[in-house]
Amino acid sequence: MSHRQFGFLVGLLIVWLWASLGFLIALGAAAAGLVGYGVVRVLEGDIKWADVTERFTSTKR
């Protein structure tokens with residue numbers, strides 16, 4: 001492997017790592033925002049836990 005090829009590979013890997021971490025950070029920030037939004041709705045009383053559990057429990061017994 002020549003010095004030019006090695007330099008290209010190192011540059012490519014740095015940019016690839018930077019782009020993938022940037023995407024993951026943005027995805028994590030969006031997920032944290034959604035969790036915060038849900039917590040605020042629960043605290044304000046817009047969402048009741050009884051309504052949430054009714055959606056996930058079976059009505060057939």
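For the single chain, residues carry numbers from 1 onward in sequence order. Nothing here was measured: the structure is a model prediction, and the numbers come from that model.
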Quick one: do [X] and [Y] end up in the same hydrophobic cluster if we chain Ile, Leu, Val, Met, Phe, Trp and Tyr together by side-chain heavy atoms under 4.5 Å apart?
| X | Y | answer |
| --- | --- | --- |
| Phe56 | Val35 | no |
| Leu24 | Trp16 | no |
| Val10 | Leu21 | no |
| Leu43 | Tyr37 | no |
| Trp18 | Leu13 | no |

Approximate separation, where rounding is to 0.5 Å, of Ile14 CD1 and Leu9 CG: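 Separation between the atoms: 10.0 Å.
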Could you tell me whether the side chain of Glu44 reaches within less than 4.5 Å of the side chain of Val40, counting heavy atoms only?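 The answer is yes; the side chains approach within 4.5 Å.
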